[in-house]
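Please read the structure below before turning to the comments.
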Amino acid sequence: MTRDRIGSRGKAGERDDPAGERDDPAGERDEPAGERDDPAGRRDDPAGRRDDPAGRRDDPGGERATPEDSLRDLLERGEVRGERRLGGLIERLEAHGCIQTVSPAAGDVPTAAGRAYEPALGSVNVRGVAFDSRQVRGRSVFVAIPGAHADGHDFLTAAAGLGAVVAIVDHPVAEAPLPQIVVDDTRLALATAAAWWYGDPSHSLGVVGITGTDGKTTTAYMAAAVLEMAGISTGLITTSAIKIGDVRSANPEHVTTPQSTDLQHALRAMVEAGNNAAVVETTSHGLALGRVAEIAYDVAIFTNLSHEHLELHGTFEAYRDAKLSLFRGLTATKPAKALRRRWPRVAIVNLDDRAAARFQAAALYAGARTITYGTSPAAAVRAVAVEEDSEFLRMDVATARWHGPVDLQVAGRFNVHNALAAIALGEALELEPDQIRAGLGGLAGVPGRMERVDCGQPFGVIVDYAHSPASLRMVLDLLGPVATGGSGGLIAVFGSAGERDVQKRPMMGRIAGERCRLVVLTDEDPRGEDGEKILDEIAAGAEAAGRRRGEDLLCIGDRREAIATAFERARAGDVVLLAGKGHEQSIIMSDGPRDWDERREAIRALELLGYRSR
């Protein structure tokens, strides 16, 4: 065990939104063929909708979820019934100033062209909003989104054939069989349409958004644990799981912040299930692509900022600005939310991060209060001292209201900052200190984050979601002393996602090469990119750090074989890190996703070596 006094800049984090965040090819999903297994829980029977003109369930007060409910059941309860007049959506889009023109379907001849067509179109009743032509149901609004692999504007005829009655587009599509509302940005229009259709559920919840490169998922779990211990029923949308009511289920998608339709649907389901708050991992993708544009956030938490996702943003500055937009958006909700508890508009900022001042300035611009956290003596919520061993952390915490110990059932010094962010949330809401401590102390861990796999083998095995340079460095730096203490070394098994940020690949190779006695490079969602090329780009960084191919640097594309090889080469006292997949339940190959469970595969490989799980 070590105990340190703290007073200097520290690093926070765990990891960012998955590299698998899709650029949301609208009209058609990333899946290779056919419809999804409908994770949103939509019904296949549009005729089964009740005719509720208000567009809500018969019981707007909501129902408490029961233990017997599944997530699909709860999402079904959150679906909107009946029809709504399209005029309401048109008015809302007009209020945002984003409508360019409205045109009739090919072959129709309205009494007047352009905007004069709106009154007739506004009287149309609709039964849903879709951006994937395969998800269109009878009398839907189809929103055409341009994506990386497909453009929704090419699917207007398909959408019409499945029952769409109007399309929202960013340019007129000649000869399309649907009336078209032409807007400046269909991604933002989709967010508006989704919020309109689901009745603005974020206005009925206290909403906490968490953004940053690393640490979002763990911070989200910690924040939810604190709120729940204070008696605030809390929904959760994270990389690893979705929680509605009291039901939590693994997130099956390689997406942290869902598309706006799925996101608003989940928030509506939370309201119906009796949740009073929602904690939402809010990625740079979700912000830049407009998925969260219509969410009324009350609290924004900034974890940290480092190199990631330049495949979408192009520059680090654009990546940073996307995250800053969450804080600039902390303006007052109009009308004010009518919630049981007062939720102030608060920005919670990691003062130890170099970008802290920018996030504080963004909050000031929005008129929100700022609470800083960190190890700096200037932080409003600070860790004064930390004790740690391989299984737990104890912090001495000082805030403006209280000072005392906080015990955590998680390892890793980077979790100090994640916990401080959750404590700052408790301070913002003026929760009882004992509730804050109990909430954090009761959290046993987060799926896919520093998970140990023990089958009685003489070396350690850790499954972690680390896939950015910063998170890989932090995890290896944490495990290094553990391996050294057991007279062993580090072995890292990892890769880098295809069709995503390429600049980080050699950086991660060098980080592993400098810290590990053996580096095993393998597939991590190569998608349509050449897997060998990806491994070569990572290997270049490891070679620059002195690793030699075929000796202490291995490139094995098959992840199962890579794990088995790492275990075969492991010595007593070594620590083997399986990084990059964590909680995820699939690997995305060129032909689509394949089932994968990293922990299960690790146990399988150990059992083949003669070890047995305890």
Side-chain angles (χ1 to χ4, degrees), residues 21-44 46 75 78-80 84 86 89-90 92-93 96 98-99 126-173 176-198 201 237 253-268 283 285-295 312:
E21 186 78 62
R22 291 196 298 259
D23 187 16
D24 217 332
E28 300 292 325
R29 289 275 199 176
D30 242 7
E31 285 78 359
E35 295 200 5
R36 296 180 300 167
D37 189 23
D38 205 9
R42 294 185 175 89
R43 291 162 38 136
D44 285 337
L75 284 164
E79 189 54 274
V80 176
R84 303 193 70 178
L86 185 60
L89 175 57
I90 292 175
R92 187 156 169 168
L93 291 169
H96 289 335
C98 61
I99 294 182
V126 298
R127 286 187 169 184
V129 175
F131 69 95
D132 184 332
S133 64
R134 295 165 297 184
Q135 297 291 321
V136 167
R137 301 292 183 259
R139 304 199 66 78
S140 291
V141 177
F142 176 64
V143 186
I145 307 293
H149 301 290
D151 188 339
H153 294 81
D154 296 333
F155 295 90
L156 266 62
T157 298
L162 289 171
V165 294
V166 64
I168 298 179
V169 297
D170 63 20
H171 62 270
V173 179
L178 288 173
Q180 300 170 49
I181 302 173
V182 184
V183 298
D184 297 329
D185 186 330
T186 52
R187 294 186 186 278
L188 294 178
L190 178 63
T192 299
W196 166 78
W197 178 250
Y198 286 104
I237 298 176
E253 302 283 346
H254 283 229
V255 177
T256 301
T257 308
Q259 184 50 275
S260 50
T261 46
D262 294 335
L263 184 55
Q264 294 290 345
H265 183 190
L267 294 173
R268 170 50 57 192
T283 63
H285 285 75
L287 290 158
L289 300 177
R291 297 175 188 170
V292 300
E294 293 286 334
I295 294 180
L312 172 68

Sub-4.5 Å side-chain heavy-atom contact between Ile181 and Ile99: yes

CD1 on Ile237 to CG on Leu267, rounded to 0.5 Å: 5.0 Å

Closest non-hydrogen atom pair, Arg291 against Leu263: O-CD2, 3.8 Å

Closest approach of Trp197 to Glu79 (non-hydrogen atoms, all atoms of both residues): NE1-OE1, 3.8 Å

Which atom of Leu156 lies closest to which atom of Ala176, heavy atoms considered: CD2-CB, 3.7 Å

Donor-acceptor pairs are to be reported for all side-chain atoms of residues 138-148 against protein atoms at under 3.5 Å, with residues two or more places apart or in another chain.
from	atom 1	to	atom 2	distance (Å)
Arg139	NE	Asn125	O	3.0
Arg139	NH2	Asn125	O	3.1
Ser140	OG	Arg137	N	3.1
Ser140	OG	Arg137	O	2.7

Pairs touching residues 158-171 that satisfy side chain to side chain donor-acceptor pair (under 3.5 Å), sequence neighbours left out: His153-Asp170

For Ala191, all residues meeting side-chain contact (heavy atoms from CB on, under 4.5 Å), sequence neighbours excluded: Ser260, Ala293, Glu294

Sub-4.5 Å side-chain heavy-atom contact between Leu89 and Val126: no

Distance-minimising heavy-atom pair for Phe131 and Gln259: CE2-CG, 3.3 Å

Side chain proximity check, Gln264 to Ile295, heavy atoms < 4.5 angstrom: yes

From OG1 (Thr192) to CG (Asp185), nearest 0.5 Å: 9.5 Å

Any donor-acceptor pair under 3.5 Å from Arg187 side chain to Gly290 backbone: no

Passing candidate, side-chain contact (heavy atoms from CB on, under 4.5 Å) with Ile168, options Val129, Val182, Leu93, Leu178: Leu93

Taking every non-hydrogen atom, the tightest pair across Tyr198 and Val80: CD2-CG2, 3.5 Å

